[in-house]
Amino acid sequence: MAKKISILIVDDEASVRDSLYNWFIEDGYLVKCAQDAKEALTILESESFDIILADIKMPGMDGLEMLKRIKALKQDAIVIMMTAFATVDTAVQALKDGAFDYITKPFDPDDLSHLIRNAGKQIMLAEENEVLKNKVVLLENVEDIIGQSEAIRSVLQQVESVAQSNASVIITGESGTGKELVARAIHSNSPRKFFPMVSVHCGALSESLLESELFGHEKGAFTGAVYNRKGRFEMADNGTIFLDEIATISTKMQVELLRVLETKKFVRVGGHKEISSDFRVICATNRDLKTMVEEGLFREDLYYRLNVVNIDVPPLRERLEDIPLLVDYFIRKYCTSMNRPLMSVEPAALKKLEEFPFPGNIRELENMIERAIVVGNGKKITVKDLPLGKTIASPGFESLSDLEKNHITQILAKYNWNISSSAKALQVDRVTLYNKIKKYDLKQPK
Amino acid sequence: MKTEAITLISFGYFEKGLLSQIEKDVSAEFSVAVYTRNGHLDLTEFYDPGRNQYDANRLLKKIGELSTTGASKTLGLFNVDLFIPILTYIYGQAFLNGCCGIASVFRLKNERYGLKRNDKVFVDRFRKEVIHELGHMFGLIHCTNPVCVMRSSTYVEDIDQKSHHFCPNCRAGLQYGTE
């Protein structure tokens with residue numbers, strides 16, 4: 001339900017106050033009256049009103065003086081001046097001093113209704129402006145998360161709702177979907193935004209290196225530790241630590257991590273002094289942690305400690321409507337960085353992109369666009385500029401031979417190791433299939 | 001059981017049959033007893049020569065004084081041009097959830113605007129104004145529903161646009177006294 005507009009009427013004539021009071025009450029406004037400027041200013045010290053309707057000619061302090069004082073108290077106050085003795089000079093002066101409008105008594109009922117409606121619109125716009133400003137502030141640093149689809153808007157809504165809290169977040173999603181961008185958006189919109197967000201790529205570090213990286217080390221703790229080094233938890237004090245590929249950490253590290261998360265205290269490698277750090281933890285993984293817990297590969301207590309909030313970032317194939325926006329964004333990004341004029345995309349090429357499965361998600365699309373800009377004609381990206389025949393990233397398989405081995409294994413399993421049927425399905429002759437089985441050392445399960 | 005009763009007091013000349021018609025319409029709309037009687041007032045004391053109009057605030061107060069015991073809502077009906085200090089004219093006014101109100105036919109006639117006399121339109125406007133002011137007296141504020149009788153009307157054309165009935169919301173909001 002819309003908020004009721006409140007009006008303060010300031011006039012020394014009781015009949016005017018009563019008339020206006022009755023008129024506005026019948027229109028459903030909240031109304032209060034003051035018989036002079038002094039009383040009005042006293043009321044305004046403790047109450048605020050959306051609109052102040054004041055007479056200019058009043059005994060004691062006149063309306064124009066009162067207007068100045070109200071404006072000094074509240075710059076955006078809406079004050080409408082009224083008078084029975086209209087002169088151009090007073091009207092101009094009132095408007096110069098910040099009056100919203102000026103009306104001559106007696107006024108046409110329609111003029112009064114219009115005036116109040118206009119002031120109401122102004123109030124509504126100011127309130128909307130405030131709400132939008134807050135939204136802009138709240139959603140800062142999310143400009144890299146491109147998309148208008150329902151799926152991505154839902155992610156942004158979750159970012160908005162979780163940002164202000166201190167809860168641990170696990171961001172799940174396939175490789176290349178932008179999990180780190182989501183983590184950064186959460187951090188940038190949280191009360192911790194003025195402190196660092198420290199990222200650790202857990203999958204890229206061995207157990208001992210990760211330990212040293214997270215907790216830091218003292219000089220001489222191990223060979224090569226020639227000076228004291230702060231760990232990432234320490235660096236993230238008052239900020240956020242982002243642990244990417246959390247599923248890859250060892251069982252030992254899982255125990256250590258759980259302890260740190262529970263106590264927010266740790267000791268540097270080779271050190272004795274306990275260090276405290278106030279950090280928020282955000283993790284990301286492309287694995288199904290719940291299944292890993294069930295299989296005993298990930299500690300259940302750590303899982304529940306981390307998984308207070310789960311944000312699942314959708315793969316690109318589930319937000320196809322965002323592809324044109326993403327393509328446009330990457331074209332701008334790379335054309336600008338390469339100092340080239342902005343290129344466009346041929347409709348046929350865009351259609352092909354929209355039909356492509358993108359197993360490597362946005363990262364793959366980005367690489368594809370960057371490549372197309374490099375190899376293209378500098379004006380338009382065409383179908384031939386896009387390597388759509390082959391996927392750049394294929395999760396789980398590093399090489400072509402890995403892919404071939406896996407596929408042959410699947411087909412053999414499907415046809416119960418019947419060589420003839422499998423060769424037919426693979427569209428190769430039996431000899432070729434035997435050679436491949438030999439090459440990859442494939443063995444029929446017993 | 002509703003304890004309200006409405007009294008319509010006419011001041012000045014009203015054409016034969018008009019008041020009985022209004023009484024019938026008001027009774028149908030509010031489902032309470034409606035009584036009509038003639039009143040006598042020296043209107044010159046309410047006349048403002050500077051504006052050539054009649055002071056509606058003072059008339060409203062006077063109606064309050066004339067309210068008869070037992071009639072919880074009294075509406076004075078006039079055929080003079082009404083004003084309040086801040087507005088150039090009004091069709092009527094009433095105390096919100098109060099016991100008295102006033103309405104005038106002065107600006108409801110087509111002839112005043114150089115148009116051909118139309119009694120049907122005139123009666124229709126008058127019944128809407130009377131029901132509108134009584135609506136305020138039964139606690140209703142202006143309504144945004146375009147056809148609700150409680151919609152605010154600045155010009156006669158606005159009055160013509162609405163019906164003489166309450167919208168469901170306003171009807172539900174009528175504050176009757178009960179026992």
Side chain from CB out, backbone as N, CA, C, O: work out which of these in [X] comes under 4.5 Å of a heavy atom of chain A, or both, or neither.
| X | value |
| --- | --- |
| B/Leu87 | both |
| B/Tyr89 | both |
| B/Arg51 | side chain |

To the closest 0.5 Å, what do you measure between [atom1] ([X]) and [atom2] ([Y])?
| X | Y | atom1 | atom2 | answer |
| --- | --- | --- | --- | --- |
| B/Lys61 | A/Asp18 | NZ | CG | 6.5 Å |
| A/Phe24 | B/Leu96 | CZ | CG | 14.5 Å |
| A/Ser19 | B/Gln93 | OG | CD | 6.5 Å |
| A/Trp23 | B/His142 | CH2 | NE2 | 6.5 Å |

Check this for me: [X], atom [atom1], are more than 12 non-hydrogen atoms of other residues, nucleotides or ligands nearer than 6.0 Å?
| X | atom1 | value |
| --- | --- | --- |
| B/Asn169 | CG | no |
| A/Arg153 | CZ | yes |
| B/Phe14 | CZ | yes |

Portion of A/Leu112 that has a non-hydrogen atom of chain B nearer than 4.5 angstrom: side chain
Toward chain B, the part of A/Asn22 with a non-hydrogen atom under 4.5 Å: side chain
A/Asp108 vs B/Tyr155 side-chain heavy atoms within contact, under 4.5 Å: yes
Most chain A-contacting option - heavy-atom pairs closer than 4.5 Å, from B/Asn57, B/Ile86, B/Ile90: B/Ile86
When B/Thr144, B/Thr88, B/Leu140 are compared by non-hydrogen pairs under 4.5 Å with chain A, the top option: B/Thr88
Shortest non-hydrogen contact between B/Pro85 and A/Pro106, atoms and distance: O-CB, 3.5 Å
Closest non-hydrogen atom pair, A/Gly28 against B/Ile141: CA-CD1, 3.3 Å
